[in-house]
Amino acid sequence: MTIFAAPVFDATVIYEGKELFKGRGAASMWAEKLAREIESPVTVEKIGTGWALCGSVDGAECKWGIHGQRLMRLG
């Protein structure tokens, strides 16, 4: 199963219309899972009051948050 289909039941916060991880620990755990999925390093970054996942896919920098209890690329 892809990491993008796995439910995210961790606490979240909304910052500027984006749903982000509330805690750095939870974000770091998901960053490790995502890194294995995309086979590329993923870090966590503080954005306002929450934490996003940050990495690179096909040479493009990406950030991921949460939408509907699933990981989603932030636009």
Quiz item: Under the side-chain hydrogen bond (donor to acceptor under 3.5 Å, both in side chains) test, which residues partner K46, sequence neighbours left out?
Solution: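 Partners of K46 under the side-chain hydrogen bond (donor to acceptor under 3.5 Å, both in side chains) test: none.
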Quiz prompt | side-chain hydrogen bond (donor to acceptor under 3.5 Å, both in side chains) partners for E32, two or more places apart | solution =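 Partners of E32 under the side-chain hydrogen bond (donor to acceptor under 3.5 Å, both in side chains) test: none.
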Quiz item: In the hydrophobic cluster built from side-chain contacts under 4.5 Å, what are the other members alongside I14?
Solution: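 Via sub-4.5 Å side-chain contacts, I14 links to none.
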Self-check item: Spatial distance of atom CG (L20) from atom OH (Y15) [nearest 0.5 Å]
Solution: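 So the gap between those two atoms works out to 9.5 Å.
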Exercise. Taking the side chain as every heavy atom from C-beta outward, state whether W30 and L53 have any atom pair closer than 4.5 Å.
Key: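 Yes; the side chains approach each other to less than 4.5 Å.
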Quiz item: Mind checking whether V8 and F21 have side chains closer than 4.5 Å, heavy atoms only?
Solution: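 They are in side-chain contact.
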Exercise. Not counting sequence neighbours, list each pair that qualifies as a salt bridge (Lys or Arg N to Asp or Glu O under 4.0 Å) and has a residue in residues 2-26.
Key: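 Those involving residues 2-26 do not exist here.
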Quiz prompt | Inter- and intrachain pairs under salt bridge (Lys or Arg N to Asp or Glu O under 4.0 Å), touching residues 54-64, at least two apart | solution =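 Only E45-K63 qualify under salt bridge (Lys or Arg N to Asp or Glu O under 4.0 Å).
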Quiz prompt | Common cluster, M29/V13, ILVMFWY with side-chain heavy-atom separation under 4.5 Å | solution =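 Shared cluster, no.
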Quiz item: Mind checking whether I47 and W51 sit in one hydrophobic cluster, side chains of I, L, V, M, F, W, Y counted as touching below 4.5 Å?
Solution: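 They do not share one cluster, since no chain of ILVMFWY contacts under 4.5 Å joins I47 to W51.
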List the atom pairs, donor and acceptor, that lie under 3.5 Å between side-chain atoms in residues 64-75 and the rest of the protein, sequence neighbours left out.
{"residue": "R70", "atom": "NE", "partner": "A5", "partner atom": "O", "Å": "3.1"}

Quiz item: If you look at every heavy atom in S40 and S56, which pair is closest and at what distance?
Solution: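 Closest pair (atom of S40, atom of S56, distance): OG-O, 3.4 Å.
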Quiz item: What residues, two or more places apart in sequence or in another chain, satisfy side chain to side chain contact (heavy atoms under 4.5 Å, CB included) together with A35?
Solution: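 Only V42 meet the side chain to side chain contact (heavy atoms under 4.5 Å, CB included) criterion with A35.
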Quiz item: Can you list the residues that meet the side chain to side chain contact (heavy atoms under 4.5 Å, CB included) rule with T43, with sequence neighbours excluded?
Solution: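 With neighbours one apart ignored, the set is C54.
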